Amino acid sequence: MTKTTCLSKSRCKINIQPDFFGNILLSFSAFLSALIFVVSLSKKHSNFGTKLVLANFATLIICCGYLFLQFLEDNFSFIYVFENSSILLPTFYKISAFWSAHEGSFLLMILFLSGSMFINNSFFSGQVWMPISNATLSFILFFYLVFQIFTSNPFLTFDVLPNNGTDLNPLLQDPLLVIHPPVLFAGYVFYAVTFSLVIAGMFIGFDKKLFQSLKLWAGVSWFTLTFAILLGSIWAYYELGWGGYWFWDPVENVVLLPWLAGTAFTHSLIFSKNKILLSWMVFLGISTFLLTILASFVVRSGVLNSVHSFASDPSRGVFLLSLFGVFAFASLALFFSKSVFLQSEWPKLLSKQYLLVLNNVVLLAILLIVFLGTLYPIVTEVFYGQKLSIGPNYFSSLITPLVLILITLFSVEQFPNLLKINKRKFLLGVLSIALVVIIIDFLKISALSVGLYFVALVLSILLLKALVELATKRQINIAHKVFGHLSVVLLTFAVIANHQFSESLDVRLKPGEEVEFSNTVVRLDSVDVEGEMNFDTVVANFSIQSGETQSNLKSEKRVYKIGGVITSETGIVSTVQRDYHIVLGDRFQDGSWSIRYSINYGIMLIWISSILLLFSMLYGTIRRHGY
Amino acid sequence: MIRKNRLNKIYLIIFFLLSVGLITFFILRALEKNIDLYLTPSEVKAADFNQFDDFKLGGMVKVGSLQKLEGLEISFIVTDFQSEMTVIYEGVLPNLFKENSGVVATGSLNPEQNQFIATEILAKHDENYMPVKIEVQN
C-alpha cells in the first residue's frame, strides 16, 4: 500500500517552510521558560515568577489552539495535518488527530507541563519551596521546547496546498485511544512536578507543608498514570484484537517502569511521618521522574526491537538520551551530595514501617526484572549486533512469585497481632508452612493453581476482615488502603485465572455453519457488507450458545477509504466470569471465513478491580486536602 | 553517635549493592532461558542449524508466494533478498499481514522439509500502525 505521494520530509521535492506564527509562539515560550528559571533563582520569592508562569501557559494554549484550528479547517499545507487528517475524518477525530503522532503529542505534553506548573503556583502560592520548584520545572520545560522546535516541529508547511490529507490511522480512530495519550502525558508531567518538589526539599529541607504538597502531587500522578495504563490495556483488548490486555511488549513495559517506581514512592511517603528513610524516599522520587523520560526515549527513539517499531528520526533519540543523561547526572549528583544531610533512621524489625520497606524492596525487584527484560535486547543489539526478544514467559514466571510475596506482605500488615512474634509462634508458623508445601507437592498441583488458591484465600480473609470491621465499628479504618489492597488481590486473582483457563480456537466457517468448542456452540449466522462515511465494513453476525443462554455478537472487518488500511473490530460478549471474543479473519474462495474464537476468563474482574483501585487511589489522595 | 551512624550507612550501602548484584545475576540467568533469537533467512542458512529451539524469523513476505492450503493452513515465503524460507502457519493472519511487507514469525525449523513451522505470525508495523517496508541494504 502506498500512501499518496509525499510521506516524509526528506523524500519530498516540495519546499518546506516553517510556519511563522506557530514557531514564534514556541520560541517565545522557550524564552519565557528561560526567564522563569533566571527569575526564580535570583529572587527568593516574587509574584513576577507566578505571572510569568501564567503568561507561559497562555502562550502555549494559544499555540495549541492554533494547531487545532489547522486541523478543524483542513489546512493540509501543514505537514502534520496532512499526515494525520483528511476531509472525510469525523470532527471528533480531527480534534484527537492533534495528538495522534509524535509532534503533536509532545506539544500536548509541553502544554500539560506548563499547565501543571500553573496549577502548582496557584494552589500552593507563597510556599518557600516554590521558587526552586519553578526553576526545576522551567529548566525541564525549556529543554522540552528546544527538543520540540528542532527535532519534532509540528509547524512545518508545504508551499503548496494538497487537496486532501493521508488520514488518521484507523486504529487510532477509537474513543479510548483519544483519551489514552493525554492521560499518559499528564501522568508523566505530574511526576515532573513531584520531582521538582523533591529537589526543592533537598535544598531547603522537608517540612510538614512540603510533605503535604508532595503527597498530593504524588497521589495525583500515581492515579493519572494508573488510569492511563488501564485505558491502554482496555484499548489493546477491544481494538487491537489480539485477545489480550497485556503483552509484555517493550512499549508497555517502559510505562510500567515509572509506575512501579511511583508505587514504591507513594508508599515510601508514608514513612515521612517520622522521617524514617528520608533519603530512600528522595531517591525514589528522582528515579520515578527519570524513568518517565526513559520511557519516552525508548518509545520515540526507535531502539526497540518490538512489533511496534515506532521508527523515527534518530536525532530525536539522541536528544532525548542526552536529556535523560543531563537530568540523571544533575539530580543524582545533587542527591549524593545532599543526602548526607538528610536524617534517615532504620525502622524496627517487623514493625509496620519495616514491612513497608520490604514492600518497597519487592516493588523495586519487579522493576529491575522489567527493566532488564526490556533493555537487554537493546544492549545486545547495540553491542553484539544480535537481534533478539524476550518471551513473555520470562516476565510472568519471575514476577508472579514476587507479586504473591507483595500480597502476603501487605495482608499480614493488616493483622498487627501476627507481627508480635515469640518463639512458639515462629515454630508453629514454620511447621504449618512446611506442611502446606508437603501437601502441595503430594497432590501435584501446578504452581499456577497454587497461586490461584493462595490469592483466593487471601482475598476471602481480607474481605471477611473488612466486613467484620464494618459490622462491628460501622466504619473501616483507612478505607482507601483496605480497598486499594483488596483490589490488588482481586486483580491478581483475575489475572492468574485468565492465564490459567482462557482458551482459543482458530477455525473456518461458512455462513450457517457452527462449531463446538469448550461447552459452547458458535454459529456464523450471516455476513453483511455495510458502508460508512470513511470506511466500508464487513459485518459477521455470530450467535454463541452456552448451556441455556444464547448471545449474539458482531465482529467486523473494516477497509478505510484512504490508504486501504484494514482493521478488525472484535466482537465481544462480556459476562462477569468470562468473555466470548471473536476476531474475523480472511475470506476464502469457497465463501468461508477464518475466525479466532476465544473464551477469556476474568477480564471483567480485571477491569472492575482496576477501577476499584483507581477510586481508592483518588480517595486516598484527596481525603486530607478537602478539595 | 555520628561515627556509628556513618558505619551503619556504609553497611547499608554495601548490603544494598550486594543484594542488587545478586538479584541482577539471577534475573540475567532467567533472561537467557527466555531469549527468542531474531534471525533472517540468510542467518538461519549460514548457521549450522541442528537445534530445534524456537526462534523468530523476520523478513519480507515474497510477492505472489502466499498460498492457502487445506483448512486454515497457509504457506508463504519469507525473503531477505538473499535467501528465502518457506513458512507454514495454521491460524488467523493479522490484519496488517500482506505480501511485500515485513513479518515476524515465531516457531521452529522443520529440517527435513526445509520449512519453518510458525506458531505465531506478527506483521511488523510502524508508529502509525502501517505495515513496515524493510529497506534493502546493498
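Note that the structure is predicted; figures quoted are calculated from it, not measured. Below, chain A is the first sequence line, B the second, and so on; all start at residue 1. The analysis underlying the following values was restricted to heavy atoms, covering all of them including side chains, and did not include hydrogens, waters or symmetry mates.
For residues 28-37 of chain B, no pair satisfies salt bridge (charged side-chain N to carboxylate O under 4.0 Å, His left out), with sequence neighbours left out.
Shown here for A/Ala365 and B/Ile27, the closest heavy-atom pair between the two residues is O-CD1, 4.5 Å. Heavy atoms only, all atoms of each residue included: A/Gly585 and B/Val92 are closest at CA-CG1, 3.7 Å. What you find for A/Leu372 and B/Leu31 is that their closest heavy atoms are O-CD1, 4.1 Å.
A 6.0 Å sphere centred on OH of A/Tyr376 holds more than 12 heavy atoms belonging to other residues, nucleotides or ligands. Atom CZ of B/Phe26 is surrounded by 12 or fewer heavy atoms from other residues, nucleotides or ligands within 6.0 Å.
Of residues 62-69 of chain B, those residues lying under 4.5 Å from chain A by any heavy-atom pair are B/Lys68, B/Leu69.
In this structure, B/Leu122 CG and A/Phe247 CZ are separated by 10.0 Å, a value rounded to the nearest 0.5 Å. Note that the CG atom of B/Asn34 and the OG atom of A/Ser397 stand 5.5 Å from one another [nearest 0.5 Å]. Distance check: A/Ser594 OG to B/Leu93 CG gives 7.0 Å after rounding to the nearest 0.5 Å.
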Stepwise side chain to side chain contact (heavy atoms under 4.5 Å, CB included) test for B/Phe55 and A/Leu388: CA-CA 9 Å; B/Phe55 64 93; A/Leu388 51 85; over 6 Å; no
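Of the residues considered (A/Ser592, A/Gly391, A/Pro392), A/Gly391 shows the highest number of contacts with chain B, using heavy-atom pairs under 4.5 Å. Per-residue counts of heavy-atom pairs under 4.5 Å with chain A were compared for B/Ile23, B/Thr24, B/Thr106; the largest is that of B/Thr24.
Only the backbone of A/Ile595 has a heavy atom closer than 4.5 Å to any heavy atom of chain B. Of the atoms belonging to A/Tyr394, heavy atoms from both backbone and side chain fall under 4.5 Å from chain B. Only the side chain of A/Leu398 comes within less than 4.5 Å of a heavy atom in chain B; its backbone stays farther off. Heavy-atom distances place the side chain of A/Asp586, and not its backbone, under 4.5 Å from chain B.
Not a single donor-acceptor pair under 3.5 Å links the side chain of A/Arg508 to the backbone N or O of B/Leu72.
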